[in-house]
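Just so it is clear: chains get the letters A, B, ... in the order the sequence lines come, proteins before strands, and each one is counted from 1. In this text, all values refer to a predicted model and were calculated from it rather than measured experimentally.
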Amino acid sequence: MIISRISRFISNFDNLLALFAGACAVLAVLFVLFLPLPYSEDQLYPKEIDESSPLYPYERGGTPFERADIHVQYPENSPFAGYVTAYLTPFSLALSRLTPHAGTTIVAHPGGILDEILYNTRGLDTVVETTILFIAFAIGSYLFRKGS
Amino acid sequence: MIGIGGQPLFILPFGDIVLYFTPFTLTLFIFALVFTVLVIISKPERQIDIVFGGDAYLAKEISISDMKFRRFMAIACGLASMGAMVTGDIFDFALFTSLVGICNVGIVAAVKSRHVQNAAYQYGLVAMSATVPLFAGAAIVAATTGTLSILQLALPGATKVPLLVKALLTLGVMGEGMAPFYAAKAEMFRAPGAPYVIMCSLSSLLIFLRVIEVVLTV
Amino acid sequence: MWNEYSVGLALVMISAVIGFLALLREQDDLHRLLIIDLVEIPSLAIIALLGTDLAEALILPGLVVGIAELLALSQIYVTKEGLRKRPVRGLHIEVVEHAHAPVIIPALLVGYGIVLSGFTGGAVAALGAIFFVMSRGSTDSYELVEMASGIAWAAWIASFFVFMFFPQYWYAGVMGAAVGILVKVAAKMTLVGSMWGEAE
């Protein structure tokens with residue numbers, strides 16, 4: 001009796017999202033109850049803050065075309081890790097000499113720790129990510145063209 | 001690394017993300033590969049409605065461009081499941097899984113029937129909200145253990161991942177396409193075009209098998 | 001044992017619970033989509049709580065996945081509800097209407113985007129391109145933009161393989177990836193920004 005009522009509720013796909021959201025909410029409440037979790041101090045790519053640097057908060061250590069010291073998971077797999085981190089374009093190099101606030105736009109320029117992670121050491125992540133964008137865009141544009 | 005999957009047969013490193021092939025993941029990988037090849041070479045079938053009590057029947061017309069689009073989505077879904085089978089990084093696994101989810105939506109989204117589209121939309125909403133536990137679980141793994149690599153987490157001395165984090169990952173994968181949420185897919189199966197629709201359930205099955213291996217290993 | 005990380009996690013999880021409860025009660029399809037977009041913010045916050053450079057690099061994929069699914073689902077919603085006729089008027093700002101002056105603004109934006117390069121640059125350049133499309137109302141060269149997007153994607157994958165198999169040429173890799181992402185993001189955002197139906 002109760003089973004048939006449950007299965008009727010589940011088989012209506014309008015209730016699907018509510019069911020999933022309920023499961024997520026229950027799990028999140030459980031998570032808060034079990035909370036104090038240890039934070040591992042030995043993290044990959046640790047962040048160092050040096051407020052005096054003109055590249056703050058993206059001071060990466062090292063000068064262009066030298067290797068910066070970064071903590072990667074498998075150093076043997078990326079023998080040239082650290083070069084991209086230290087690289088600055090001529091434009092951003094000039095900017096960092098002119099002003100102490102070059103760090104606010106530095107993420108947008110080629111080179112730096114984020115490019116190192118996104119392109120080099122965890123490049124496959126970004127490949128998958130752009131593929132997701134590509135697939136979603138394909139769905140959207142196909143439906144759009146079919147509609148018009 | 002004597003886990004459920006067995007010893008890695010070989011390892012394919014891409015920087016920090018290391019793909020590994022154990023007998024378990026290799027089997028699933030070959031399964032996904034064979035099915036993707038089948039999708040590429042097979043011809044779509046037509047759905048025929050037969051009227052009971054008479055000899056009337058009508059074949060549903062599906063345009064070529066619809067079929068091309070759905071074949072493309074099915075192939076992408078196969079590639080995504082292959083990636084999810086062999087990746088050795090938890091965040092990368094989460095990304096591949098959400099790629100499988102959005103491909104599944106894409107396979108059925110091209111169907112003209114309003115009923116099917118409503119099912120696809122509801123399923124897409126679940127898949128989208130499933131990215132929350134999935135990515136949250138992966139990030140908490142990184143914070144509590146200091147690494148994302150499954151091979152590192154499987155080492156005997158490694159910090160163990162808390163149970164609730166494993167539950168988060170599993171719930172995320174379920175949302176991307178499994179178990180009780182299968183209900184919406186039964187509606188999707190009314191969509192015509194056989195080999196492509198089967199890719200949805202196959203990929204869901206594969207990612208679910210794989211997340212069990214991941215959860216038991218770390 | 002209540003370290004900073006656990007306190008932050010508790011706060012974010014509570015906000016996620018609030019979001020999920022809202023999702024539980026909501027019946028309207030469009031509102032569900034909007035609430036899910038809201039619920040994704042706690043997941044980004046959990047990634048950010050990691051507090052390392054890795055966290056910043058993981059937020060980007062997380063964010064992009066959310067945006068991509070939102071794009072696809074909203075288009076499915078439009079098709080599902082049969083919202084075919086979406087007459088949209090072009091921007092009725094006096095300067096924008098068919099004057100030669102606005103060409104300078106897109107040119108400046110695209111130029112600045114190229115200087116920036118990468119994701120941000122692509123977004124800035126796309127803003128310029130959308131502005132150009134809006135002011136001109138021309139929709140002829142979409143195939144060209146789509147092709148540019150595809151070629152940029154291929155360039156991006158090529159530089160990924162440079163990084164993986166010829167790491168000594170890292171400079172070529174980083175430049176290829178930066179330019180590829182610039183063109184790809186610019187093209188995608190231009191198309192998305194002008195995908196709004198025919199002008200009256």
Chain C contact via [X] - side chain, backbone, both or neither, heavy atoms under 4.5 Å:
| X | value |
| --- | --- |
| Phe31(A) | side chain |
| Leu27(A) | neither |
| Leu17(A) | side chain |

ask   = Stepwise, does the side-chain contact (heavy atoms from CB on, under 4.5 Å) test hold for Val72(A) with Leu44(A)?
value = CA-CA 6 Å; Val72(A) 303; Leu44(A) 302 171; over 6 Å; no
| task | Please determine, among Leu58(C), Thr52(C), Asp53(C), the option with the most heavy-atom pairs under 4.5 Å with chain A. | result |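 It is Asp53(C).
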| Pairwise side-chain contact, Ile113(A) with Glu56(C), heavy-atom cut-off 4.5 Å (strictly under) |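 No. Closest side-chain heavy atoms not under 4.5 Å.
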Name the region of Leu50(C), side chain, backbone, both or neither, that has any atom closer than 4.5 Å to a heavy atom of chain A.
->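 Both backbone and side chain of Leu50(C) come within 4.5 Å of chain A.
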Please identify, among [options], the residue contributing the most non-hydrogen atom pairs under 4.5 Å to chain C.
| options | value |
| --- | --- |
| Ala136(A), Ala21(A), Pro36(A) | Pro36(A) |
| Pro79(A), Ala138(A), Ala18(A), Gly22(A) | Ala18(A) |
| Asn77(A), Asn15(A), Leu124(A) | Leu124(A) |
| Ile117(A), Val127(A), Thr131(A) | Val127(A) |
| Leu37(A), Ile135(A), Val32(A), Val128(A) | Leu37(A) |

Does the pair Arg122(A) and Leu54(C) meet the rule for a side-chain contact (heavy atoms from CB on, under 4.5 Å), with working shown?
CA-CA 10 Å; Arg122(A) 298 184 63 88; Leu54(C) 181 62; 3.7 Å; yes
| Part of residues 152-163 of chain C lying next to chain A, heavy-atom separation under 4.5 Å |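 Near chain A, by residue number: Trp153(C), Trp156(C), Ile157(C), Phe160(C), Phe163(C).
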Proximal to chain A - members of residues 24-45 of chain C, heavy-atom separation under 4.5 Å |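 Counting heavy atoms that sit under 4.5 Å from chain A, the residues of residues 24-45 of chain C involved are Leu24(C), Arg32(C), Ile36(C).
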Do Thr121(A) and Tyr45(A) meet the criterion of a side-chain donor-acceptor pair at a distance under 3.5 Å?
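Judged by distance alone, the side chains do pair up.
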Exercise for the section: Decide side-chain contact (heavy atoms from CB on, under 4.5 Å) for Thr79(C) and Phe144(A); before the verdict, give the C-alpha distance in whole Å, the side-chain angles of both, and the deciding distance to 0.1 Å. Expected result: CA-CA 8 Å; Thr79(C) 321; Phe144(A) 177 72; over 6 Å; no
Item to check | Steps toward side-chain contact (heavy atoms from CB on, under 4.5 Å) verdict (Glu129(A), Asp125(A)) | outcome: CA-CA 6 Å; Glu129(A) 172 217 318; Asp125(A) 264 3; over 6 Å; no
- Would you please indicate yes or no on a ring centroid separation below 6.0 angstrom for Phe80(A) and Trp170(C)?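 When the ring centroids of Trp170(C) and Phe80(A) are compared, they turn out to be at least 6.0 Å apart.
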